[in-house]
Novice: 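Here it is, the structure in full.
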Amino acid sequence: MQLKLRLNNEDSPVAEKRVKQAVERKKAVTETMDEAWQRIFAMKNSETDRQRLTEVKAAVASGVIGRHPADVGRRFSKAEALRLWRELQDKQREETLRRMVEQTPPNYWLITDERKLDELLRLLDGEDEIVFDVETTGTDVWKDRIVGHVITAVKADIHAYIPTRHKTDHPQLPNDYVVQRLKPYYENESLGKLAHNAKFDIHMLAREGVDLRGLTWDTQEAMKILNENEPSFALKRLVTKYLGIQSYTYGDLFGKTSFGDVSDLRLALAYAAKDGDVTRKLRDFQRNHLRRFPEMLAYYESVEVPLIKTIVHMESTGYDIDTEYAARYGNRLKVEIDQLHKQLTDVLGDINIDSPLQLKPALSRAIGERLESTDAKKVLKPLAHKYPIVQTLLDYKAKVKLYSTYINVLPDLIDERTGKLHANFNGNGAKTGRMSSGGDGGDGGSVNLQNQPKDARKLFVAPPGYVIIGADWSQQEYRCLAYLTGEPLLVNAYREGKDVYSFMASRIFGVPYEECGDGTDYRKKAKVGLLATVYGTSKYTLALQLGVSVDEADKFLKDLFASMPVVVKWIEGNKRFVRKNGYVWMDKKQRKRRLPDAKNPQAERWQRSRAERQATNAIVQGSAAIQTKVSMNAIYRWCMEKQAQGRDFKMWCVVHDESLILAPDDVTREEVQEYERLMLESYKFGDIPLKTDVEMMYRWGQSVTVDEWFRGIRPEK
DNA sequence: ATTGAGAGCCAC
DNA sequence: AAACGTGGCTCTCAAT
């Protein structure tokens with residue numbers, strides 16, 4: 001009895017806690033600070049935590065900061081260390097701000113009256129280029145507002161800050177007045193403009209009715225050309241790293257305070273004008289480096305820089321979302337999801353189906369098979385025909401994904417002011433130079449326009465009076481491969497206008513072309529095989545994909561390679577090159593993909609193999625992306641020309657190998673042909689013929705052909 | 001409440 | 001340890 005009682009006591013959480021505390025007290029007494037740090041650094045810390053802990057350790061060691069007397073008796077914990085980090089931040093922040101104001105250089109001008117503004121504008125009249133940067137209330141280009149303008153007169157070496165909407169008692173010029181005075185300069189094409197992340201500033205200026213022209217350099221995008229592996233593209237980080245100029249991030253100095261709430265304008269000047277100053281210095285540094293690679297410099301200036309305005313235009317166009325359709329569709333999905341959920345919990349018990357951790361054991365028990373994971377494609381799909389509950393689970397998962405990531409979310413992202421959903425596109429989101437989409441959603445919500453599933457695309461509709469025209473490059477990457485390699489098999493197939501997969505299948509399997517048509521096993525295998533070649537798929541993965549043995553997959557790969565010896569040699573050459581140089585070139589040396597693992601003797605074998613696979617993939621993917629970007633710029637210019645003629649054409653969306661525009665719904669056949677020509681002629685892959693399929697639609701994905709459209713047939717609304 | 005990691009899944 | 005390249009969003013779960 002006594003024993004049992006004692007055990008109960010020991011087991012109770014209260015007792016457990018007491019024991020723990022006792023142990024900790026003992027540790028606090030016995031543990032030195034060095035040991036405490038050792039213990040904390042041995043924990044699984046995130047990269048930011050590790051960084052912070054390192055700073056605190058140094059600050060404690062040098063006596064800048066110390067433990068609170070109340071804490072000294074306790075064990076030094078990671079939590080306490082991170083609390084100290086925050087204190088350290090505050091302390092450093094105040095000190096830094098004070099010093100910054102004190103040390104403001106005389107060529108930093110705070111402009112709060114007309115006389116001084118006049119003086120700046122007279123300077124600008126003698127300039128060839130300026131740096132521009134707007135300070136704002138936040139980072140949402142659709143909701144936030146400008147609170148001040150940074151202008152650097154490059155030749156004069158004057159860096160001005162013109163506050164316009166700060167919450168302060170200090171006098172300042174009204175924003176409308178400043179915009180009206182600056183507008184002629186902002187819009188002057190022959191006055192060059194430099195900026196860091198210009199897309200943001202151009203959007204913000206557009207809000208004020210300014211159409212920025214003459215952009216010549218974006219230091220953020222330039223950095224992505226100079227080193228796509230850079231850990232951070234924030235201006236301050238780059239300036240600190242490459243120019244050796246100590247520069248604090250906005251967060252370091254102001255935390256979460258909106259810049260408009262900075263009431264001390266001397267402080268605002270010291271911070272803001274420095275941006276203009278260092279942006280120009282960073283541009284000079286970057287240009288010096290890029291000049292050693294004339295093709296890269298030319299590509300950057302003629303494609304990447306103009307692309308920024310193209311993207312601003314596309315993002316501004318925005319998307320009309322059919323909210324009624326979304327509501328109906330969403331409700332239906334919700335009902336179906338609830339039904340499926342009930343069926344699942346009836347069998348699996350009261351678990352969270354959405355938690356793989358809970359689902360795996362429950363499902364394993366239900367079907368009596370040990371499961372490796374609950375991955376739908378790899379694990380569940382093959383079991384679906386055997387167990388109805390697995391099929392139910394697959395249906396449930398698919399519907400939940402569609403509902404919670406797309407259908408239920410899209411209507412909430414409509415901007416109240418513009419009535420449209422605005423996506424964010426990142427011009428160099430991928431290290432290969434492809435664009436990415438997402439992020440920057442303002443209040444949490446954000447959307448990726450490049451992974452909308454077919455069913456979600458139906459929510460995107462043309463505005464009244466417009467039609468969406470979509471055009472994709474047929475087999476963009478394989479035509480690019482044919483061009484880059486000169487592989488006769490591919491080149492001949494494209495020259496003769498044949499179906500490449502059928503053509504390949506015919507050669508690999510020694511079967512007549514006619515027997516390798518659409519839907520045949522031969523063609524399917526050739527298609528998977530070509531993909532495998534470019535991606536460097538192993539025989540093991542290929543075996544899984546084709547549903548054959550590893551030996552058969554191996555033989556298939558050998559046959560495939562034998563049919564395309566030039567491609568094989570080319571891939572081997574890429575591997576040799578990347579092993580020797582640590583990077584590869586994309587088409588015409590316009591871009592590099594740096595893969596240092598490939599030539600790093602310290603890297604593991606699997607890391608080197610991965611880098612070698614990435615090398616070939618990056619050349620193809622990156623070169624295709626160049627075609628897309630050059631064409632986007634051409635389409636944008638064309639839209640502007642059409643608009644000048646009173647025809648309202650706009651870029652709507654780009655998804656890697658597909659571009660979509662909005663056209664007036666009285667669009668003519670000639671206008672559609674102009675668009676098609678831009679797709680086919682803006683950027684060629686040598687003399688490999690290009691092909692594009694053009695579709696006309698009111699609702700994304702529900703299309704008619706151009707011929708049908710001009711015969712009077714209309715797609716579903 | 002916020003943050004970060006991991007699993008999973010959408011696109012090309 | 002991974003075995004196919006490039007991305008981004010949602011959800012859970014643990015830690016703070």
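Source: prediction; values computed, not measured. Chain letters run A, B, ... following the sequence lines, proteins first, then strands; residues in each count from 1.
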Novice: I need the CG-P distance between A:Asn426 and C:dT6, as an integer number of Å.
Specialist: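 Rounded to whole Å, this separation is 16 Å.
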Novice: Using atom NZ of A:Lys381 as one end and atom C1' of B:dG8 as the other, report the distance to the nearest whole Å.
Specialist: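 The answer, rounded to whole Å, is 15 Å.
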Novice: With sequence neighbours left out, what residues match A:Asp472 under salt bridge (charged side-chain N to carboxylate O under 4.0 Å, His left out)?
Specialist: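 Partners of A:Asp472 by the salt bridge (charged side-chain N to carboxylate O under 4.0 Å, His left out) criterion come out as none, since no residue qualifies.
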Novice: Does any non-hydrogen side-chain atom of A:Val390 lie less than 4.5 Å from one of A:Ile367?
Specialist: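 Yes, close enough: below the 4.5 Å cut-off.
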Novice: Please name all residues satisfying side chain to side chain contact (heavy atoms under 4.5 Å, CB included) with A:Lys575, sequence neighbours left out, ordered by chain then number.
Specialist: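 Counting only residues at least two positions away or on another chain, A:Lys575 forms a side chain to side chain contact (heavy atoms under 4.5 Å, CB included) with A:Ile571, A:Glu572, A:Arg579, A:Glu612.
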Novice: Among B:dC9, C:dT6, C:dC11, find the nucleotide with the atom closest to the side chain of A:Asp354.
Specialist: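 Looking only at side-chain atoms, A:Asp354 lies closest to C:dC11.
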Novice: How many Å lie between CD on A:Glu228 and P on C:dT6, as a whole number?
Specialist: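 Going from CD in A:Glu228 over to P in C:dT6 covers 11 Å.
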Novice: Just N and O in the side chain of A:Thr374: are any of them under 4.0 Å from OP1 or OP2 of B:dG8?
Specialist: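 A:Thr374 to B:dG8 OP1/OP2: side-chain N or O found under 4.0 Å.
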Novice: Holding to side chain to side chain contact (heavy atoms under 4.5 Å, CB included), I want the full list of residues that pass it with A:Cys480, two or more places apart in sequence or in another chain.
Specialist: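 A:Leu484, A:Ser623, A:Phe685.
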Novice: Does any part of the side chain of A:Asn197, heavy atoms only, come nearer than 4.5 Å to the side chain of A:Phe233, both counted from C-beta?
Specialist: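 Sidechains of A:Asn197 and A:Phe233: no contact.
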Novice: Give one of base, sugar-phosphate or nothing for A:Lys431, where a contact means two heavy atoms less than 4.0 Å apart.
Specialist: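 It contacts sugar-phosphate atoms only.
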Novice: For A:Arg610 and C:dA3, what is the distance between atoms CZ and P respectively, to the nearest whole Å?
Specialist: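 Value for this atom pair: 9 Å.
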Novice: Quick one: do the A:Arg591 and A:Asn428 side chains pair a donor with an acceptor below 3.5 Å?
Specialist: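 Looking only at side-chain atoms, A:Asn428 and A:Arg591 do form a donor-acceptor pair, the distance falling under 3.5 Å.
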Novice: Counting any heavy atom closer than 4.0 Å, what does A:Ala618 reach on the DNA or RNA strands: base, sugar-phosphate only, or nothing?
Specialist: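 Contact class for A:Ala618: none.
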Novice: Name the pairs: protein N/O against N/O of nucleotides 14-16 of chain C, kept only if under 3.5 Å.
Specialist:
none

Novice: Can you tell which of C:dT6, C:dC11, B:dC9 lies closest to the side chain of A:Ser404?
Specialist: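 Nucleotide nearest to A:Ser404's side chain: C:dC11.
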Novice: Detail all sub-3.5 Å separations between protein N/O atoms and N/O atoms belonging to nucleotides 10-12 of chain B.
Specialist:
| from | atom 1 | to | atom 2 | distance (Å) |
| --- | --- | --- | --- | --- |
| B:dC10 | O2 | A:Asn451 | ND2 | 2.6 |
| B:dC12 | O3' | A:Asp657 | OD1 | 2.8 |
| B:dC12 | O3' | A:Asp657 | OD2 | 3.4 |
| B:dC12 | O2 | A:Arg434 | NH1 | 2.8 |
| B:dC12 | O2 | A:Arg434 | NH2 | 3.2 |

Novice: For the pair made of CG in A:Leu413 and P in C:dT10, what is the distance, rounded to whole Å?
Specialist: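 Rounding to the nearest Å, CG of A:Leu413 and P of C:dT10 are 8 Å apart.
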Novice: Would you indicate, yes or no, if B:dC9 has its OP1 or OP2 atom less than 4.0 angstrom from a side-chain nitrogen or oxygen of A:Thr405?
Specialist: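 No, no such contact exists.
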Novice: So do A:Asn424 and A:Glu315 actually touch side chain to side chain, heavy atoms under 4.5 Å?
Specialist: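 Yes, side chains in contact.
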Novice: Would the A:Tyr494 and A:Tyr478 ring centres measure less than 6.0 Å apart?
Specialist: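 Ring centres of A:Tyr478 and A:Tyr494 not closer than 6.0 Å.
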Novice: Check every strand shown and say whether A:Gln358 touches a base, only sugar-phosphate, or nothing at a heavy-atom separation below 4.0 Å.
Specialist: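 Sugar-phosphate: the residue A:Gln358, judged by heavy atoms under 4.0 Å, touches backbone atoms but no base.
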Novice: Using a cut-off of less than 4.0 Å, is there contact between a side-chain N or O of A:Ser436 and OP1 or OP2 of C:dG8?
Specialist: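 Answer yes for this pair, as a side-chain N or O of A:Ser436 is under 4.0 Å from OP1 or OP2.
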Novice: Are A:Tyr319 and A:Trp652 an aromatic pair by the rule of ring centers under 6.0 Å?
Specialist: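 Centroid separation for A:Tyr319 and A:Trp652: below 6.0 Å.
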Novice: Could you tell me how far apart A:Met435 (CE) and C:dG5 (P) are, to the nearest whole angstrom?
Specialist: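 Going from A:Met435 (CE) to C:dG5 (P), I get 23 Å.
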Novice: Hey, does A:Asn352 reach any base, or is it just sugar-phosphate, or nothing, if we go heavy atoms under 4.0 Å?
Specialist: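 Result for A:Asn352 = sugar-phosphate.
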Novice: Side-chain N or O of A:Ser609 versus OP1/OP2 of C:dA2: is the shortest distance under 4.0 Å?
Specialist: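 Result: no.
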Novice: With rounding to whole Å, what would you report as the distance between B:dG6 and C:dA1 at their P atoms?
Specialist: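 B:dG6 and C:dA1 have their P atoms separated by 16 Å.
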Novice: Between C:dG5 atom C1' and A:Ile571 atom CD1, what is the distance in whole Å?
Specialist: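 Answer to the nearest Å: 12 Å.
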Novice: Taking side chain to side chain contact (heavy atoms under 4.5 Å, CB included) as the test, write out the residues that go with A:Glu695, two or more places apart.
Specialist: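 Counting only residues at least two positions away or on another chain, A:Glu695 forms a side chain to side chain contact (heavy atoms under 4.5 Å, CB included) with A:Met697, A:Ser703.
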Novice: Between P on C:dG7 and NZ on A:Lys224, what's the gap in Å once rounded to a whole number?
Specialist: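 It works out to 11 Å between those atoms.
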